[in-house]
**Student:** 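Sharing a structure here in structure tokens format.
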Amino acid sequence: MRALIDDLRQVDTMLAAGRLDEARALAFMLSRPVRDPRLQALDAEYERVATAALALAGATSFEEAYRLAPRVVAACANCHARAGVTVAQLDKLGPVFVAKRATRREDRR
């Protein structure tokens, strides 16, 4: 997980520019796990992100990629919502804050 909203924007930009192979490669990178124990509270949500990103990475056409891209966005948004962080906050606060916030939410359950 690269945890950058800009990566999702870049995938869209690459698809619009006709660069399917590059968009697929970036989607694959979004599926890679982060080895940060602070993010363990988000493992279930991240699994959904990884699954959606891997599906996009396997797209064989632009039509398929455009159909799959919103699934990655939705999975990312669900993970962020679970962590209690908005997309606007992510660029300012970074992944360490997200991990701490998720851990605190888990402790309250």
**Student:** List the atom of A27, the atom of V11, and the distance in Å for their closest heavy-atom pair.
**Tutor:** N-CG2, 4.4 Å
**Student:** Rounded to the nearest 0.5 Å, what separates atom CZ in R9 from atom CG in D12?
**Tutor:** 10.5 Å
**Student:** Distance check, rounded to the nearest 0.5 Å: L8 atom CG versus T13 atom OG1?
**Tutor:**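 If I round to the nearest 0.5 Å, the distance is 10.5 Å.
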**Student:** Looking only at non-hydrogen atoms, find the nearest pair between V49 and C79 and report the distance.
**Tutor:**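 That would be CG2-CB, 4.4 Å.
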**Student:** Return the set of residues passing side-chain contact (heavy atoms from CB on, under 4.5 Å) with R71 (not counting sequence neighbours), or none when no residue passes.
**Tutor:**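 For R71, the residues satisfying side-chain contact (heavy atoms from CB on, under 4.5 Å) (neighbours in sequence not counted) are A52, R67, L68.
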**Student:** For the backbone of S61 and the side chain of Y66, can you confirm whether one donor and one acceptor N or O come within less than 3.5 Å of each other?
**Tutor:** no
**Student:** Could you give me the CA-CA distance, side-chain angles and deciding distance for N78 and R48, then say whether side chain to side chain contact (heavy atoms under 4.5 Å, CB included) is met?
**Tutor:** CA-CA 9 Å; N78 287 335; R48 288 187 272 282; 5.8 Å; no
**Student:** What residues form a side-chain contact (heavy atoms from CB on, under 4.5 Å) with L20, not counting sequence neighbours?
**Tutor:** L15, R24, F62, A65
**Student:** Measuring only between side-chain heavy atoms, which start at C-beta, is M29 closer than 4.5 Å to D7?
**Tutor:** no
**Student:** Compare every heavy atom of L54 with every heavy atom of S31, then report the nearest pair and how far apart it is.
**Tutor:**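 Taking S31 first and L54 second, the nearest heavy atoms are OG-CD2, 3.4 Å.
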**Student:** Once salt bridge (charged side-chain N to carboxylate O under 4.0 Å, His left out) is applied, do any residues pair with E22, and if so which ones, sequence neighbours excluded?
**Tutor:**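 E22 satisfies salt bridge (charged side-chain N to carboxylate O under 4.0 Å, His left out) with R19 only.
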